[in-house]
2 protein chains.
Amino acid sequence: MKGLGELERSIMDILWAENAPLTAREVGRLIEDRDLAPTTVMTVLDRLSRKGFLTRTRDGRAWRYQPAASRDAYVAELMLEALDMTGDRDAALTRFARAVSGTEAEILRKALTELGEE
Amino acid sequence: MKGLGELERSIMDILWAENAPLTAREVGRLIEDRDLAPTTVMTVLDRLSRKGFLTRTRDGRAWRYQPAASRDAYVAELMLEALDMTGDRDAALTRFARAVSGTEAEILRKALTELGEE
DNA sequence: GTCACCTCTCTACAGGACGTAGTACTACCC
DNA sequence: GGGTAGTACTACGTCCTGTAGAGAGGTGAC
């Protein structure tokens, strides 16, 4: 996988937040802060789907874009990818476990427990 | 933090593997596969220390480079950074916990347990 | 002392990713 | 049939990275 640029991430965030597939125009309307040309949004949407982050389906003349995977899946994949980088996965995992805050450690513990019960 | 390029990572790997601080020449000797100019290695070492990945100390005319942090720390930080990207950390963590393989889940569980006992 | 050599710093350049957008073509509505 | 919306294609500046040369300054050999 590859990382995302800043604008790419903003757009992914919009699409992840929305549940329905959006057109370029709709996405553009949802980025108020920046004053982007419509073609800019279209270009980025196109690149994102080319990279596999988005799926698109026709809606009349327009395309509707939606995330190919959930944000959680993306984040989890990034984390696994980072983990793959090390020679000593155990050490990295241990260090990671120590670094997450209390509540999150709880979440992790719970998820792992459920995992064990399945 | 920022990601590393391919050559940058190779060089970090060498320095992480070694326990002693190395000079550019020594690092260059340890990358056999590629036939790099000495200045190339020096440039990359310089960039890495400028980015904070390496520390360097004088040794006569030469610099000796060593990692500023362990690879585990780096990996853990990357993982945390990925985690920061999501709005719903819990969901991402849960998904991550489900994605790690059995033995690693065990490691995580153990680290978390020790954490709880402290 | 001078020459060869090592290492450093500075500068450079090509390729790719990303932000940004214009242009030209097409299809639809009224 | 002209405005409008949407597309595909093309383009350009910037930054990062891989790669390396040129020039400066010290060091040891002779």
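In what follows, every chain begins at residue 1, and chains take the letters A, B, ... in the order their sequences are listed.
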Does the side chain of B:Leu4 reach to within under 4.5 Å of the side chain of B:Tyr74, using non-hydrogen atoms?
-> yes

Of all heavy-atom pairs linking B:Arg71 and A:Met85, the shortest is NH1-O, 4.0 Å

So does B:Asp13 pair up with B:Arg9, basic N to acidic O under 4.0 Å?
-> no

Separation of C:dG16 C1' from B:Leu7 CG (nearest whole Å) = 16 Å

Joint hydrophobic cluster, B:Met42 plus B:Met12, side-chain heavy atoms closer than 4.5 Å = no

Could one point to a donor on the side chain of A:Arg64 or the base of D:dT7 with an acceptor on the other under 3.5 Å away?
-> no

Under 4.0 angstrom, heavy atoms only, what part of the nucleic acid is B:Leu36 near: base, sugar-phosphate, or nothing?
-> sugar-phosphate

According to a strict under-4.0 Å criterion, is B:Lys51 in side-chain N/O contact with OP1 or OP2 of D:dC16?
-> no

Residue whose nearest DNA chain D nucleotide is more 5′ - A:Arg50 or A:Ala62 = A:Ala62

Quickly work out the A:Asp59 CG to D:dA5 P distance and round it to whole Å.
-> 16 Å

Name the nucleic acid region contacted by B:Thr43, choosing base, sugar-phosphate or nothing; use a 4.0 angstrom heavy-atom cut-off, strictly under.
-> base

Checking C:dG19, C:dT20, D:dA20 against the side chain of B:Ala37 (C-beta onward), the nearest is D:dA20

Would you say the base of C:dG19 and the side-chain of A:Arg47 have a donor-acceptor pair closer than 3.5 Å?
-> yes

At under 4.0 Å between heavy atoms, what does B:Gly3 touch on the DNA or RNA strands: base, sugar-phosphate, or nothing?
-> sugar-phosphate

Spacing between B:Asp46 atom CG and C:dC10 atom C1', to the nearest angstrom = 10 Å

Nearest to side-chain heavy atoms of B:Met42, which nucleotide of D:dT17, D:dA8, C:dC8 = C:dC8

Any side-chain N or O of B:Thr39 less than 4.0 Å from the OP1 or OP2 oxygen of D:dG21?
-> no

Rounded off to whole Å, could you give me the CG-to-C1' distance for the A:Leu48 and C:dC18 pair?
-> 11 Å

Spacing of A:Arg56 atom CZ relative to D:dG6 atom P, expressed in whole Å | 14 Å

Interatomic distance, B:Glu6 CD vs D:dC16 P [rounded to whole Å] = 19 Å

Atom pair distance, as rounded to whole Å: CG in B:Leu4 and C1' in D:dT17 | 11 Å

Quick one: is C:dC6 close enough that its OP1 or OP2 comes under 4.0 Å of any side-chain N or O from B:Arg25?
-> no

Are B:Trp63 and B:Leu54 side-chain neighbours, meaning at least one heavy-atom pair lies under 4.5 Å?
-> no

Rounded distance in Å - CG (B:Leu45) to P (D:dG18) = 12 Å

Within the distance-only criterion (no hydrogens, no angle test), does the side chain of A:Asp88 pair as donor or acceptor with the backbone N or O of A:Ala91 below 3.5 angstrom?
-> yes

Just to confirm, is there a sub-4.0 Å distance from OP1 or OP2 of C:dC18 to any side-chain nitrogen or oxygen of A:Arg9?
-> no

Using only side-chain N and O atoms of B:Arg61, determine if any of them is under 4.0 Å from OP1 or OP2 of C:dC5.
-> no

Residue pair A:Arg34/B:Arg58 against DNA chain C: nearer the 5' end by closest nucleotide is B:Arg58

Within less than 4.0 Å of OP1 or OP2 of D:dA20, is there a side-chain N or O belonging to B:Thr40?
-> yes

